[in-house]
Amino acid sequence: MLLGVVVAFVATIFAAPAAFAKGPSQGVITGPGLAHPITLREPGATTIGPDLANVVEQSGFFVGMFQGSGTRGRLRHRPTGALGPRYTITYTMTLPNGRFPADIVQYVFPYAEPRPVTHMPPNQKYWGSNVTVGAWYAAHIGLKETLIGLGLPATALSGIPTPAAGGAPGTLLSPRPEGSLAIPLSIAAALAALTLAAILTRRRRTRHSVHT
């Protein structure tokens with residue numbers, strides 16, 4: 001039974017929508033207090049790298065890109081109150097064959113309370129005729145520390161008003177617990193594969209013991 005569950009889990013992971021395998025190839029952060037733009041992936045790197053991967057996961061990138069309403073952390077509208085300084089992440093979206101390169105913008109308010117907020121405007125074109133769904137998103141609580149670690153100021157710069165970004169004030173829909181952290185797809189796949197390998201090894205040893 002356990003073997004069947006693991007096999008089904010692995011199959012589900014690798015049958016996930018192609019969008020998860022077609023994330024951004026680069027991300028660049030600009031905003032107040034930065035002496036120069038922050039590049040999230042080293043040019044020429046063969047993998048997405050931890051910086052870009054963490055920002056993509058924690059900021060709700062895929063919610064604004066692909067998914068509709070009802071997603072955990074998604075907001076109906078712009079949250080009420082001041083959100084603090086706004087930073088811009090410009091993602092480069094490129095298919096594996098290099099066709100249809102496009103830039104997608106996501107606005108990040110890392111100092112908003114009680115948790116960071118992001119906004120991806122809808123109807124941004126990418127990969128030909130595709131467009132972003134768009135979303136206001138209550139980001140993972142760790143996004144602020146991630147961005148500070150990448151070079152953002154430790155605290156919000158004073159005297160910088162929150163830019164208008166459209167949408168009426170609203171409230172959070174089904175937020176994730178403050179301490180939760182979604183398991184990245186690649187890590188989940190690796191754990192499932194290791195579990196499956198351990199089960200198969202145990203079964204072979206058991207059969208060998210029975211025959212001997």
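Just so you know, these numbers come straight off a predicted model, no measurement behind them.
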With clusters defined by side-chain heavy atoms of hydrophobic residues (ILVMFWY) lying less than 4.5 Å apart, directly or transitively, does Phe62 cluster with Leu40? yes
Same apolar cluster (I L V M F W Y, side chains within < 4.5 Å links), Leu34/Leu52: yes
Look up atom NE2 in His119 and atom CZ in Arg78, then write down how far apart they are to the nearest 0.5 Å. 10.0 Å
Of the non-hydrogen atoms in Tyr137 and Arg74, which two are nearest, and what is the gap between them? CD1-N, 3.9 Å
Hey, which of Val108, Thr88, Leu152 is the one that makes side chain to side chain contact (heavy atoms under 4.5 Å, CB included) with Ile29? Leu152
Taking side chain to side chain contact (heavy atoms under 4.5 Å, CB included) as the criterion, tell me which of Val56, Asp103, Val105 meets it with Tyr91. Val56
What is the distance from atom CG of Leu147 to atom CG of Asp51, rounded to the nearest 0.5 Å? 10.0 Å
Hey, any chance Ile48 and Trp127 share a hydrophobic cluster, counting ILVMFWY side chains that come within less than 4.5 Å of each other, even indirectly? yes
Could you tell me whether the side chain of Ser59 and the main chain of Leu143 form a donor-acceptor pair under 3.5 Å? no
Nearest heavy-atom contact between Pro32 and Pro85 is CG-CB, 3.9 Å
Is the backbone N or O of Arg41 less than 3.5 Å from a side-chain atom of Gln26, with the two atoms forming a donor-acceptor pair by type? yes
Once you round to the nearest 0.5 Å, how far does OH of Tyr111 lie from CG of Leu157? 6.5 Å
Whether Arg86 side chain and Phe109 backbone form a donor-acceptor pair below 3.5 Å: no
Give, for atom CD of Gln106 and atom OG1 of Thr90, the distance between the pair rounded to the nearest 0.5 Å. 10.0 Å
Locate the shortest heavy-atom distance separating Pro79 from Trp136; write the atom from each residue and the value. CD-CE3, 3.7 Å
Ignoring hydrogens and angles, tell me if any N or O in the side chain of Thr132 forms a donor-acceptor pair with the backbone of Gln124 under 3.5 Å. yes
NZ (Lys125) and CD1 (Ile104) are apart, to the nearest 0.5 Å, by 11.5 Å
How far apart are the closest heavy atoms of Pro110 and Pro116, and which atoms are they? O-CG, 3.7 Å
Can you measure from NE2 (His140) to CG (Asn54) and round to the nearest 0.5 angstrom? 10.0 Å
Shortest non-hydrogen contact between Ala139 and Gln58, atoms and distance: CB-O, 3.4 Å
Are Val28 and Tyr107 linked, directly or through other ILVMFWY residues, by side chains that come within less than 4.5 angstrom of each other? no
On the 0 to 90° scale, with breaks at 30° and 60°, tag the Phe66-Tyr126 ring pair as parallel, tilted or perpendicular. perpendicular
Nearest atoms (heavy-atom pairs only) where Pro153 meets Ile148: O-CG1, 3.5 Å
